[in-house]
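What follows is one structure encoded as structure tokens, with my remarks underneath.
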Amino acid sequence: MNDAADQPSGHAIHPAAEAEPAVGAEPPRYDFGAAEPRWQAAWEAHGCFRVEDQPQDGRPKYYVLEMFPYPSGKIHMGHVRNYTLGDVVARYKRARGFAVLHPMGWDAFGLPAENAARERGVHPAKWTWENIANMRAELQRMGLSLDWRREFATCDPAYYGHQQKLFLDFLKAGLVERQESWVNWDPVDGTVLANEQVIDGRGWRSGAPVEKKKLAQWFFRITKFAPELLAALDGLERWPERVRLMQANWIGRSEGARVRFALAGDSAETVEVYTTRPDTLFGMSFLAIAPEHPLAAAAAARDPAAAAFIAECRRLGTSEAVIEAAEKRGYDTGLRVAHPFIAGASFPVWIANFVLMEYGTGAIFGCPAHDQRDLDFARKYGLAVPAVVLPAGEDAATFSVADKAFDGTGIIINSDFLDGLQAPGEAKAAAIAALEARGIGQGVVNWRLRDWGVSRQRYWGTPIPIIHCAACGVVPVPEDQLPVVLPEDVRFDVPGKVLDHHPTWKHVACPRCGQPAERETDTLDTFVDSSWYFARFCSPLAGEPVVRGAVDHWMPVDQYIGGIEHAILHLLYSRFFTRAMKLTGHMSVEEPFAGLFTQGMVTHESYKGADGAWLYPDEVEKHLDGTAVHRQAGTPVTVGRVEAMSKSKRNTVDPGAIIARFGADTARWFILSDNPPDRDMEWTEAGVVGAYRFTQRLFRLIDGHDGQAGGAVPDGFSTAAKALRRVTHRSIIAVTEALESFAFNVAVARIYQLANAIADADRAGDSEQAGLSWARGEALETAARLASPMMPHLAEEMYARLHPDAAHLVAELPWPEGDAALAAAETVTIAVQVMGKLRGTISMPPGAAAAEVLAAAEACVAQALDGKRVVKRVHVPDRIVNFVVAG
RNA sequence: GCGGGCGUGGUGAAACUGGUAAACACAGCGGACUUAAAAUCCGUUGCCGAGAGGCUUGCGGGUUCGAGUCCCGCCGCCCGCACCA
């Protein structure tokens, strides 16, 4: 899911770059290398991040989840961003008194493991588990506040066995179905290809011409839930609007009618058509069917030219290049259909390349005047273009359609009993009523959503728990025989399906009749694995898929965080699964994710060497003027665009190397600091170094502190101390607000401000010292605690220095409370405008009387007013005064 | 084509329900410390102008005492879906 394709890891950083941090020969005072593991151990020892499956402590629950990673080998910057964002939320919510469930696991099945097996001879299991071990260590170095006891990998039978149980439950509930369906078949690899894997009609891996093949496949009946999956989108208020729209478009509800056209002649055959515009039936000039339509096949059987046309369509396919060209092509079958309402009228039946067998009924009626696509087709083949909807302001006698179809609202003309009705609106209803009255059609709701094909001809996936018996047919594996475990002794050097050619695995006795039978050798789409892992996290060790008490306590996920690339499929499948699990008695919620946040990508400059080959960032030395050279060769380097990190462009930075060089807090701080988290961010060396410097600066502020924090409040505060306290309490209020609204970059800026204020106070406090040291301690402690969701290790280090005897870790402390009275300004600056233009400012105590403010304001801008007559005085308390003058 | 989003300094960006545009950071410039550099610290930095002052949130209108923010029309960029009947 969270996979290498989007944000690959960088390669190992070059030793020359690793030797010395780019910042300073003087040894840094804060030794993150020693501190970070120490605090990680402390959190572990205190069990700070653990929660129970069914907690009884009365705290409100909060479930934070980031999309779990695909174990590709190393973590990449996309992971760092994703898991840092989630960790900020988790740590903040914990401090706010929530019991926070924050788990991590592995989306561990998938094709890359099989590719590794084929290319390098490593078993997929070994490859995967080793990657998991590496990546777990890398994630642990980030200091994430995870309950690691809940970790699981989907490739573990202890996980996928429960998935098989869910499959069987869904099967019983009628949510799983076996259907014949057309697939892209790669004859060399012996596997089914997704549409995206067919390039110019050839398999992306083998290069062999792809064949269309009809296979029996397992389907999840997601279409059963289409209406509620659509309707419930409205309730997902904490989802990005665009994701909801993408889902709505994908589900694709449309209202229209099915109309049965009788074939002219003596046959009793009919062709059924789906239309959203039955009100324009009188504007019909042809009927068109998809090349795969049964009627087209019948025509081909009689007519070689028709067969040739169909073959041509199939050859061209529906690749994007072809669609782009958008040439409407057709073949007249010679068949004719009768019009449903006009006695004696008939229209030709064409096979057309733009009609899709998968949508509606695979047949349309052509109404060229009111549909652009039909119009293009009609013009090309010289078909009639009768207009039946009259736009406002047009004359029925003269209105006609030239090269632009009219698809707006209007009044129906030339349509017998529909004449004069509003189109589409009431005319659509009237047309449907007429169709139903005559028994030749009915109003229907049509969905774009298709059932979810889950069969994959792969090894490294969940075996489908089914046995095929010659006598009994399809037989579910009995539940007491679960899990159906993948065999380990498999070969990848033979073409075809790995599970199919295993010598013994598939041969079993039929559970029903005992005769020799065969296991299903397809495995489940890996999207299935990620469609319920969030539920499993609630009770990860349970002997059943989920424990009701746990899942009902923790679900739904309160905040889900991940990439926009999963806006449709993963989220839709998970929504389906949650409903299906509710139906089969596993859960009581319907929607898995109450809140969704989609993060932006991590980008980086790309570099090309003199030979035109892409270079890794650490092979490049950049100069101040923007030019760059190769670090060793000194040859010129072209600095390319800033774009999403990708393996092929080599514009990647390895998080492991960054953490080793600067520490986890620096990496976390930088990735949060520059951009709003939903926007793409550019990873720059300068940015990381800047973040690193700030960690050192914060530490220096603590190091120079002349005492502890807390203790008795002093009798009085000097002006500088009061000013510092004001910033401190304002910072609490502002950072809290920023964290609540995912404005982490703003939270970071407020913490910089607080650090600056401490430095300012250090300079200003020379004459009157009253309470300054105390206020400084308060400010430092506040800075540490406000920064703790973002840089948790340094926060602990700072806090421990301020409170050497503290019984608690920052990770265990409640969130600081901002005191609004202390944050309030002693004086406010009020802008004074004349006619809306700024002409001066005045300082007043907050809440000063209007008369007083106006008088001061008028005095302030006396020169600008210069005897002009003031006709209006606008006073916004504590903010602005605006004088409107005559003339 | 349909749907959505975004245009603010040299750069990333901030701006509560319309109320002093540019917080914070990066880069730059000047200075201190240093044999020198790095680090650190101080100052400065939207644009035009010597200055007073004027101008400024893609462009053009509008509403308003007041618009980055609301409305209308353009221009540009990005993303999603796409022969969906």
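Quick caveat, the model's predicted, so the values are computed rather than measured. Just so we're on the same page: letters track the sequence lines, and every chain starts at 1.
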*Side chain of A/Arg763 - closest among B/C42, B/C55, B/C24*: B/C42

*Non-hydrogen side-chain atoms of A/Arg277 and A/Pro424 separated by less than 4.5 Å*: yes

*Roughly how far apart, to the nearest Å, are B/C47 and B/C42 at atom P?*
23 Å

_If you only use heavy atoms from C-beta on, which nucleotide in B/A85, B/A82, B/C65 is closest to the side chain of A/Arg373?_
B/A85

*Given the rule in the side chain to side chain contact (heavy atoms under 4.5 Å, CB included) test, do A/Asn651 and A/Glu643 qualify, once you have shown the distances and angles that lead to the verdict?*
CA-CA 8 Å; A/Asn651 60 341; A/Glu643 49 195 319; 3.8 Å; yes

*CG of A/Asp371 versus C1' of B/G1: gap in Å, rounded?*
12 Å

*Looking only at atom P, what distance separates B/A13 and B/C29, rounded to whole Å?*
24 Å

*Please work out if A/Thr841 contacts a base, only the sugar-phosphate, or nothing of the nucleic acid, heavy-atom cut-off 4.0 Å.*
base

*Kindly point out which of B/C84, B/U20, B/C65 is positioned nearest to the side chain of A/Leu356?*
B/C84

*Scan every strand shown for a Watson-Crick or G-U wobble partner of B/A25, both distances under 3.5 Å, and answer none if you come up empty.*
B/U11

_Under 4.0 angstrom between A/Arg879 side-chain N/O and B/U20 OP1 or OP2_ = yes

*When the ring planes of A/Tyr381 and A/Phe377 are compared, do they come out parallel, tilted or perpendicular, using 30° and 60° as the limits?*
tilted

*Calculate the interatomic distance between A/Trp250 atom CH2 and B/A82 atom C1'; express it in whole Å.*
11 Å

*asked:* Using 30° and 60° as the class boundaries, would you call the ring planes of A/Phe670 and A/Trp683 parallel, tilted or perpendicular?
replied: perpendicular

*Report the distance from atom CZ of A/Phe699 to atom C1' of B/A39, rounded to the nearest whole Å.*
17 Å

_B/A25 versus B/G58 - spacing of their C1' atoms, nearest Å_ = 25 Å

*For the pair made of CG in A/Asp680 and P in B/C78, what is the distance, rounded to whole Å?*
13 Å

*asked:* Once you measure the plane-to-plane angle for A/Trp669 and A/Phe694, does it fall in the parallel (<30°), tilted (30-60°) or perpendicular (>60°) bin?
replied: parallel

*asked:* Taking pairing as Watson-Crick or G-U wobble with both contacts under 3.5 Å, can you name the mate of B/G1, or confirm there isn't one?
replied: B/C81

*Which sits closer to the 5' end of RNA chain B, A/Gly836 or A/Thr276, going by the nucleotide each is nearest to?*
A/Gly836

*How many Å lie between CD on A/Glu643 and P on B/C78, as a whole number?*
13 Å

*Scan A/Gln753 against the nucleic acid and name what it touches under 4.0 Å (heavy atoms): base, sugar-phosphate only, or nothing.*
sugar-phosphate

*What is the nucleic acid contact for A/Val355, judged by heavy atoms within less than 4.0 Å: base, sugar-phosphate only, or nothing?*
base

*Going by heavy atoms in the side chains, are A/Arg258 and A/Thr361 under 4.5 Å from each other?*
yes

*When we call it a touch if two heavy atoms are under 4.0 Å apart, what does A/Thr829 touch: a base, just sugar-phosphate, or nothing?*
base

_Shortest side-chain distance from A/Met246, nucleotide among B/C65, B/U20, B/G80_ = B/G80

_Taking the nucleotide of RNA chain B with the nearest heavy atom to each, does A/Asn675 or A/Asn446 sit closer to the 5' end?_
A/Asn675

_Closest approach to the side chain of A/Arg242, judged atom by atom: which nucleotide of B/C83, B/U20, B/C79 is it?_
B/C79

*So, is A/Asn745 close to the B/A23 phosphate, meaning a side-chain N or O under 4.0 Å from OP1 or OP2?*
no

*C1' atom, B/G68 versus B/C6: distance in rounded Å?*
13 Å

_What is the distance, to the nearest angstrom, from the CZ atom on A/Phe365 to the P atom on B/C84?_
15 Å

_So, does A/Arg679 get its side chain near the phosphate of B/A14, meaning an N or O under 4.0 Å from OP1 or OP2?_
yes

*Tell me which nucleotide among B/A25, B/C65, B/A85 gets nearest to the side chain of A/Tyr274.*
B/A85

*Take atom CD1 of A/Ile880 and atom C1' of B/U64, then tell me their distance rounded to the nearest Å.*
13 Å

*Return the nearest nucleotide to the side chain of A/Lys837; candidates are B/C55, B/A27, B/A85.*
B/C55

*May I ask which nucleotide in the shown strands pairs with B/G19, Watson-Crick or G-U wobble, both distances under 3.5 Å?*
B/C65

*Closest nucleotide among B/G4, B/A85, B/C24 to the A/Asn756 side chain*: B/C24

*asked:* Closest approach to the side chain of A/Arg700, judged atom by atom: which nucleotide of B/C41, B/A23, B/A85 is it?
replied: B/C41

*asked:* For the C1' atoms, the ones on B/U40 and on B/C33, what distance do you get once it is rounded to whole angstrom?
replied: 9 Å

*If only side-chain N and O atoms of A/Arg693 are considered, is one of them under 4.0 Å from the OP1 or OP2 phosphate oxygen of B/A39?*
yes

_Proximal nucleotide (of B/G19, B/U20, B/G3) relative to the A/Leu245 side chain_ = B/G3

*Syn/anti state for B/G18 [syn: chi within 90° of 0]*: anti

_Interatomic spacing from CG in A/Asp407 to NE2 in A/His370 - rounded to 0.5 Å_ = 9.5 Å

*Does B/A36 pair with anything, Watson-Crick or G-U wobble, both distances under 3.5 Å, and if so, with which nucleotide?*
none

*Under 3.5 Å on both distances, the Watson-Crick or G-U partner of B/C74*: B/G58

*Would you please confirm or rule out a distance under 4.0 Å between OP1 or OP2 of B/C83 and any side-chain N or O of A/Lys328?*
no

*Does the ring centre of A/Phe597 sit less than 6.0 Å away from the ring centre of A/Phe742?*
yes

*Whole angstrom is fine here: how far is it from CZ in A/Arg244 over to P in B/G5?*
12 Å

